[in-house]
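For reference, the structure is listed below as C-alpha cells.
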Amino acid sequence: MNTSPPQSEAELLDRAAQITGKTLQYVANLVNMDLPVNKPVNKGLTGELLEAYLGASAGNLPEPDFQHIGVELKTIPVNHLGVPRESTYVCIVSMLPENNKCWEQSLVKRKLSRVLWLPVEADPDIPLSIRRIGNAILWSPDAEQEQILRQDWEELMDLIIMGHLEQITATYGKYLQIRPKAQDGKSLQAGIGADGGQIQTLPRGFYLRTELTGKIISQWR
DNA sequence: CTCTGATCATTT
DNA sequence: AAATGATCAGAG
C-alpha cells in the first residue's frame, strides 16, 4: 500500500512528524508492508518503506522523490549518538558531456536543492523492526554549503570532461565524492577516455560525505 | 574506527 | 538495462 503524494511541504512535514520516535514496524503496519525477519542483508529497505509511507512518487526516475513539490527524501542511518553511519547516495554520474554543462542544471543540484532528511537508528545489532525514526529536517543548502557542493561538482566534472575519469577516487571533494555504483565489477557505462574518445567504464555515483550530513542533522540535537 | 571500493535488492 | 533504495567488507 502506498500513500498518495503530499501536495505541500507542510503536508509532508506533518506526515513525517506522525512517525517521529516510532519504529519501522509501526510504519510497516501503517502501509501494510511485511518486514523481513532473519534476512542477512536489508539494503535499501528502510528508504523504500518510508517512501511508501510518505507518498514518494518518482519511483526510480532520476528526479526528486516528491515530484509535485520538488523535494527529495533521504533517510539517513545514524548511530546511538545520532551521528551518520554512512555516506548518502545522491544520483548516478553521467560521464558524457551533454548532461554536464553547468552546476545550475545538474541533477545533483536539482536533488539537493530541497531535501527531507529522516534519521533512522541503524546500528547493526538493532533488529530492523524496532529501529526508531528521528526528527525530520526539511533542508536547503545555505550559501556556503552550496558553494562547496558546486566547487566539488565542478572539479569532478572537469576531470571527467577532460578524460581523466579513471584517476578519480573517493578522496576528491569536500562534501561530494564519486564512488562506484554498480551491480558488480562487470557493469559498464559510457564515458570519455584519456584520448578523448568514448570508453566503457564502471558506473559511478555521487555521494555526500558524513561531514555534510552530520552537520545538517545535528541541528536538532 | 573510518573510509573507500564493491555489492545487494527492488522497480520500471 | 538503468535508475532507485542503500549497506557491506576489507584496507589502512
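The closest side-chain donor-acceptor pair between A:Gln167 and A:Tyr172 falls under 3.5 angstrom.
When heavy atoms are screened at a 4.0 angstrom cut-off, A:Glu72 is found touching the sugar-phosphate backbone but no base atom. Using a 4.0 Å heavy-atom criterion, one finds that A:Leu61 contacts the sugar-phosphate atoms exclusively. The residue A:Asn42 sits apart from the nucleic acid: no heavy atom pair falls under 4.0 Å. Residue contacts for A:Tyr172: at a heavy-atom cut-off of 4.0 Å it reaches no nucleic acid atom on any strand shown. Note on A:Ser187: nothing from the nucleic acid sits closer than 4.0 angstrom, heavy atoms only. Nucleic acid contact for A:Pro77: sugar-phosphate only, since backbone atoms but no base atoms lie under 4.0 Å from a heavy atom of the residue. Across all strands, A:Lys186 comes closer than 4.0 Å to no nucleic acid atom at all (heavy-atom distances). Among the heavy atoms of the strands lying under 4.0 Å from A:Pro62 are primed sugar atoms or P, OP1, OP2 only; no base atom is included. The residue A:Ala182 sits close to a base: some heavy atom pair falls under 4.0 Å. A:Gly47 comes within 4.0 angstrom of the backbone, heavy atoms only, and of no base. Nucleic acid contact class of A:Thr88 (heavy atoms, under 4.0 Å, all strands): none.
To the nearest 0.5 Å, the span separating NZ on A:Lys174 from CD on A:Gln147 amounts to 11.5 Å. The distance from atom CG of A:Asn60 to atom CG of A:Asp65, rounded to the nearest 0.5 Å, is 11.0 Å.
In this structure, the CD atom of A:Gln167 is 17 Å from the C1' atom of B:dT4, given to the nearest Å. When the C1' atom of B:dG5 is taken as reference, atom CZ of A:Phe206 falls 17 Å away, rounded to whole Å. If you take CG of A:Leu45 and P of C:dT4, they are 18 Å apart, rounded to a whole angstrom. Taking atom NZ on A:Lys111 and atom C1' on C:dT4, their separation rounds to 7 Å, with Å as the unit. The distance between atom CG of A:Leu73 and atom P of C:dT4, rounded to the nearest whole Å, is 14 Å. When the P atom of B:dT7 is taken as reference, atom CD1 of A:Ile92 falls 15 Å away, rounded to whole Å. Taking atom CD of A:Glu86 as the reference point, atom C1' of B:dG5 lies 12 Å away to the nearest angstrom. When rounded to the nearest whole Å, the span between CZ of A:Arg179 and P of C:dA6 equals 14 Å.
Within 3.5 Å, no donor on the side chain of A:Lys181 pairs with an acceptor on the base of B:dG5, nor the reverse. A donor N or O paired with an acceptor N or O is found under 3.5 Å between the base of C:dA6 and the side-chain atoms of A:Tyr207.
Toward the 5′ end of DNA chain B lies the nearest nucleotide of A:Arg209, the other residue of the pair A:Gly44 and A:Arg209 mapping further downstream. Between A:Arg131 and A:Asn60, the residue anchored closer to the 5' end of DNA chain C is A:Asn60, taking for each the nucleotide with the nearest heavy atom. Ranked by how close their nearest DNA chain C nucleotide is to the 5' end, A:Ser87 and A:Gly59 are led by A:Gly59. Comparing A:Glu48 and A:Gly185 by the nucleotide of DNA chain B that holds the closest heavy atom to each, the one mapping nearer the 5' end is A:Gly185.
The side chain of A:Ala170 approaches B:dG5 more closely than any other nucleotide in the set B:dG5, C:dG5, C:dA3. With C:dT4, B:dA9, B:dG5 as the candidates, the nucleotide lying closest to the side chain of A:Cys91 is C:dT4.
Contact check, A:Lys43 against C:dT4: no side-chain N or O comes under 4.0 Å of OP1 or OP2. For the OP1/OP2 pair of C:dA6 and a distance below 4.0 Å, the side-chain nitrogens and oxygens of A:Arg85 include no atom meeting the criterion. For the pair A:Gln183 and C:dA1, the criterion of a side-chain N or O lying under 4.0 Å from OP1 or OP2 is not met.
Looking only at distances, no side-chain donor or acceptor of A:Arg132 sits under 3.5 Å from a matching main-chain atom of A:Ile130.
At most 12 heavy atoms of other shown residues, nucleotides or ligands fall within 6.0 angstrom of atom CD in A:Glu144. Around atom CG of A:Asp142, more than 12 heavy atoms belonging to other residues, nucleotides or ligands sit under 6.0 Å away.
Because its NZ or CZ atom is both nearer than 6.0 Å to the ring centre of A:Tyr207 and within 45° of the ring axis, A:Arg179 counts as a cation-pi partner of that residue.
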